[in-house]
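To start, the structure itself, in structure tokens.
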Number of protein chains: 2
Amino acid sequence: MPSLTKKAETFTALVLEVFQLNGLLLQAGDRLSAPAGLTSARWQVLGVIDHGPVTVAAVARTMGLARQSVQQTTDALASDGFVEYVDNPNHQRAKCVSLTAAGRRALRKVEQAHAAWAERMGASLGPGVLAAAVEGVREARLRLEKDLNPEEGSHEE
Amino acid sequence: MPSLTKKAETFTALVLEVFQLNGLLLQAGDRLSAPAGLTSARWQVLGVIDHGPVTVAAVARTMGLARQSVQQTTDALASDGFVEYVDNPNHQRAKCVSLTAAGRRALRKVEQAHAAWAERMGASLGPGVLAAAVEGVREARLRLEKDLNPEEGSHEE
DNA sequence: GTCAAATCGACAGGAACCTGTCAATCTACC
DNA sequence: GGTAGATTGACAGGTTCCTGTCGATTTGAC
């Protein structure tokens, strides 16, 4: 460690904590969604599609992921019968993804489990600490976004 | 969203923020380490090995990852000449991993870039917000660890 | 000393992300 | 109406993690 200042050291500690928490959250998400036959990634995609039939590319933009990643997940969901591709009146090639009855059922099931879990975790954390954590992480995210990608308003290039 | 309480909603917001921040941090780490010919994952492994020659399994325990993941990264580092396997006096089969001169050089380079970046980010965040973020995320991590894995003191099974 | 259990490297296979490239399609400008 | 540019799905290939299994080695109980 090449002699970090205190600020830099605290920021580094935040980075390590976020890495660890992220890993645990993925694990928790998998555990929540497994009983419904889903995984974290597939559940999140279903959640976006639940707002209404959309194209794969639109889901990717919403989630901040690459188009191809979401395509892969969506294809897997389709082959498991949780979603289906329906015609898009605005585009011949880019079909819309829509929930099937089974998909809706699975999503509702995961959402119930998620609600109970979030309630439990939120209650065990104390409102002050929780709010401060959200605030701090959001601030860090915004600064980092600016740091990684200066010159960028609302239009991703 | 099946009617979450305020606590649960705030916790869910934390989860989403952590996911996003995690992605940006990985991106930042790759950018920091790319000029040295490394990636986030390989840099982190090099950092552990820098503390002294250790076995792959020990590195994995230190980082909280599966043995096999670290083995893969270490093999890649070895084939790029950043580390080498040296005999382990305590074990015939489990060799120790040691930094090469090139590995040490690359690691120092990344650490310098990391120090400047952490300084910049830490300075732009305000000490209060930063400390609160670390505190809050750590608390959340500890609760989540307990939630995922009750009954566990210091001995991982 | 012997034998069971834990640990280790090696290998196979999978999940979830990424980049890069291609042709098909839509959009916008002229 | 035609064409340039952006967007989209499809495909290939790579990275970083995972689980599961195997034989080799070390460790510990007896």
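No hydrogens, no waters, no symmetry mates; every other heavy atom, side chains included, goes into these values. The chains referred to below are lettered A, B, ... by the order of the sequence lines, with proteins before strands, and numbering in each begins at 1. Because the structure is a prediction, the values reported are computed rather than measured.
Across the protein-nucleic acid pair, Asn88(B) atom CG and dT7(C) atom C1' stand 13 Å apart, rounded to whole Å. In this structure, CZ of Phe19(A) is placed 13 Å from C1' of dC17(D), rounded to the nearest angstrom. Separating the CG atom of Asn90(A) from the C1' atom of dA24(C) is a distance of 17 Å, rounded to the nearest angstrom. Between Gln72(A) atom CD and dT19(C) atom C1' there is a gap of 13 Å when expressed in whole angstrom units. Atom CG of Leu25(A) and atom P of dA16(C) are 16 Å apart (whole Å). One atom, CG of Leu65(A), and another, P of dT19(C), lie 10 Å apart when rounded to the nearest Å. Between Leu26(A) atom CG and dG14(C) atom P the separation is 21 Å, expressed in whole Å. If you take CG of Leu24(A) and C1' of dC17(D), they are 15 Å apart, rounded to a whole angstrom.
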side-chain contact (heavy atoms from CB on, under 4.5 Å) between Glu84(B) and Val86(B), worked out | CA-CA 6 Å; Glu84(B) 58 189 353; Val86(B) 301; 4.2 Å; yes

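With respect to Arg141(A) and Asp147(A), no salt bridge is recorded, no charged nitrogen being found less than 4.0 Å from a carboxylate O. Salt bridge annotation for Lys6(B)-Glu9(B): absent, with no cationic side-chain nitrogen under 4.0 angstrom from a carboxylate oxygen.
Counting heavy atoms from C-beta on, the side chains of Val97(A) and Thr55(A) never come closer than 4.5 Å. The closest side-chain heavy-atom distance from His114(A) to Thr12(B) is below 4.5 Å.
Side-chain nitrogen and oxygen atoms of Ser69(B) include none within less than 4.0 Å of the OP1 or OP2 phosphate oxygen of dT16(D).
Distance alone, capped at 3.5 Å, places no donor-acceptor pair between the Arg42(B) side chain and the Thr73(B) backbone.
Nearer to the 5' terminus of DNA chain C, by closest-nucleotide assignment, is the contact made by Ala66(A) (compared with the other of Gln92(A) and Ala66(A)).
Taking CZ of Arg138(A) as the reference point, atom CG of Leu16(B) lies at 10.0 Å (rounded to 0.5 Å).
Thr39(B) comes within contact range of the sugar-phosphate backbone alone, with a heavy-atom separation under 4.0 Å but no base atom that close.
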Atom pairs under 3.5 Å: protein N/O with N/O of nucleotides 8-11 of chain D:
unit_1, atom_1, unit_2, atom_2, d
dT8(D), OP1, Arg61(A), NH1, 3.3
dT8(D), OP1, Arg61(A), NH2, 3.3
dT8(D), OP2, Arg61(A), NH1, 2.8
dT8(D), O2, Arg93(A), NH1, 3.0
dG9(D), OP2, Ala57(A), N, 3.4
dG9(D), N7, Arg67(A), NE, 3.3
dG9(D), N7, Arg67(A), NH2, 3.0
dG9(D), O6, Arg67(A), NH2, 2.9
dA10(D), OP2, Gln71(A), NE2, 3.3

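For residues 41-49 of chain B, proximity to DNA chain D is found at Ala41(B), Arg42(B), defined as any non-hydrogen atom under 4.0 angstrom from a strand atom.
For the residue pair Glu119(A) and Thr5(B), a side-chain donor N or O sits within less than 3.5 Å of a side-chain acceptor on the partner. With no hydrogens or angles considered, a side-chain donor-acceptor pair links Ser40(B) and Asp30(B) at under 3.5 Å.
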